[in-house]
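From a predicted model like this one, the values you see are computed outputs, not experimental measurements. Just so you know, residue 1 is the first one in the sequence shown, and it goes up from there.
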Amino acid sequence: DIDTASNTGATVSSLFSSYFSDIDTGETLAGIAISDDTSDSSQGFWEYSTDDTTWHDVDSVSSSSALLLDADSSLRFNPAADYNGTPGILGVHAVDSSNGSLVFTSGATRAAYDVSSADDTSEVSATGLRLSTTVNAVNDDPEAAIDVNGGSAIAEASTFSLDGSG
């Protein structure tokens with residue numbers, strides 16, 4: 001379990017810039033094109049933010065419709081309740097700065113790129129990288145149910161006291 005509010009993710013630049021190189025002198029990492037998301041809803045959802053406030057599901061992507069995110073966008077995995085383990089990966093392609101007119105995703109307005117035709121001369125890498133993460137198990141607070149005269153339930157993270165005098 002992870003509290004969604006505390007899961008700020010990481011920028012595309014911080015995740016991928018150390019893996020970026022380009023044969024063209026002066027090119028920098030402009031962003032990524034996400035072409036594969038193998039996670040499923042039982043695990044949770046990969047999410048992106050272009051403003052570090054509002055998060056959107058990566059959702060459906062493919063090699064013919066890869067999600068374009070600029071280097072300042074953020075990514076995170078938002079796990080399903082009580083999920084722990086290694087969720088499905090994101091398949092990404094680096095995007096260099098050679099095409100100044102390339103439009104990236106802005107909020108819920110998605111920009112797409114066909115990476116299936118990428119080669120050594122395009123602004124998008126022909127070879128992709130994989131992004132993975134691990135969600136560690138957390139010892140949740142216990143829940144208690146008391147059945148006294150019709151019963152009542154006490155939710156997780158609540159407090160209660162018992163009086164054994166009755």
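- When atom types are taken as modelled, the side chain of S97 and the backbone of T28 share a donor-acceptor pair closer than 3.5 angstrom.
- Considering only residues two or more places apart in sequence or on other chains, Y113 meets the ring pair (Phe, Tyr, Trp, His ring centres under 6.0 Å) condition with none of them.
- Of the inter-residue distances, the one linking I32 atom CD1 with L68 atom CG reads 9.0 Å to the nearest 0.5 angstrom.
- Shortest non-hydrogen contact noted between D59 and R110 is CB-NH1, 4.0 Å.
- The closest side-chain heavy-atom distance from D36 to I89 is below 4.5 Å.
- When hydrophobic clusters are built by joining Ile, Leu, Val, Met, Phe, Trp and Tyr residues whose side-chain heavy atoms come closer than 4.5 Å, directly or via intermediates, W55 is not grouped with V92.
- In terms of modelled atom types and a separation under 3.5 Å, the side chain of D70 and the main chain of D72 share a donor-acceptor contact.
- At least one donor-acceptor pair closer than 3.5 Å links the side chain of S62 to the backbone N or O of S65.
- Residues N136 and T134 bring no donor and acceptor atom of their side chains to less than 3.5 Å of each other.
- There is no path of hydrophobic side-chain contacts, each under 4.5 Å, that joins L75 to F45.
- With hydrogens and angles ignored, the 3.5 Å screen pairs a side-chain donor or acceptor of Y48 with a backbone N or O of G107.
- The shortest heavy-atom contact between Q43 and T38 is OE1-O, 4.4 Å.
- A chain of hydrophobic side-chain contacts below 4.5 Å, direct or via other Ile, Leu, Val, Met, Phe, Trp or Tyr residues, connects L129 to V12.
- In this structure, S41 and A80 approach most closely via the heavy-atom pair O-CB, 3.9 Å.
- Note on Y83 and V58: same hydrophobic cluster, where clusters join Ile, Leu, Val, Met, Phe, Trp and Tyr whose side-chain heavy atoms are under 4.5 Å apart, directly or indirectly.
- Heavy-atom minimum distance, A111 versus T105: N-OG1, 3.0 Å.
- The distance from atom OG of S13 to atom CG of L69, rounded to the nearest 0.5 Å, is 13.0 Å.
- No side-chain heavy atom of V61 sits under 4.5 Å from any side-chain heavy atom of S35.
- Contact detail for L29 and A94: the closest heavy-atom pair is CD1-CB, 4.1 Å.
- A heavy-atom distance below 4.5 Å is not found between the side chains of N84 and P79.
- Nearest heavy-atom pair across P87 and T133 is CD-O, 3.3 Å.
- Evaluation of the side-chain contact (heavy atoms from CB on, under 4.5 Å) rule for D52 yields S74 as partners, not counting sequence neighbours.
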Requested in this report: Take S73 and T50 through the side-chain contact (heavy atoms from CB on, under 4.5 Å) test and state the conclusion after the steps.
Outcome: CA-CA 5 Å; S73 294; T50 59; 3.6 Å; yes
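- One hydrophobic cluster holds both L15 and F77 under the rule that ILVMFWY side chains link at heavy-atom gaps under 4.5 Å.
- For the pair W46 (side chain) and G88 (backbone), a donor-acceptor distance under 3.5 Å is present.
- For the pair S125 (side chain) and H93 (backbone), a donor-acceptor distance under 3.5 Å is absent.
- Checked by atom type, the side-chain pair T11/S14 shows a donor-acceptor distance below 3.5 Å.
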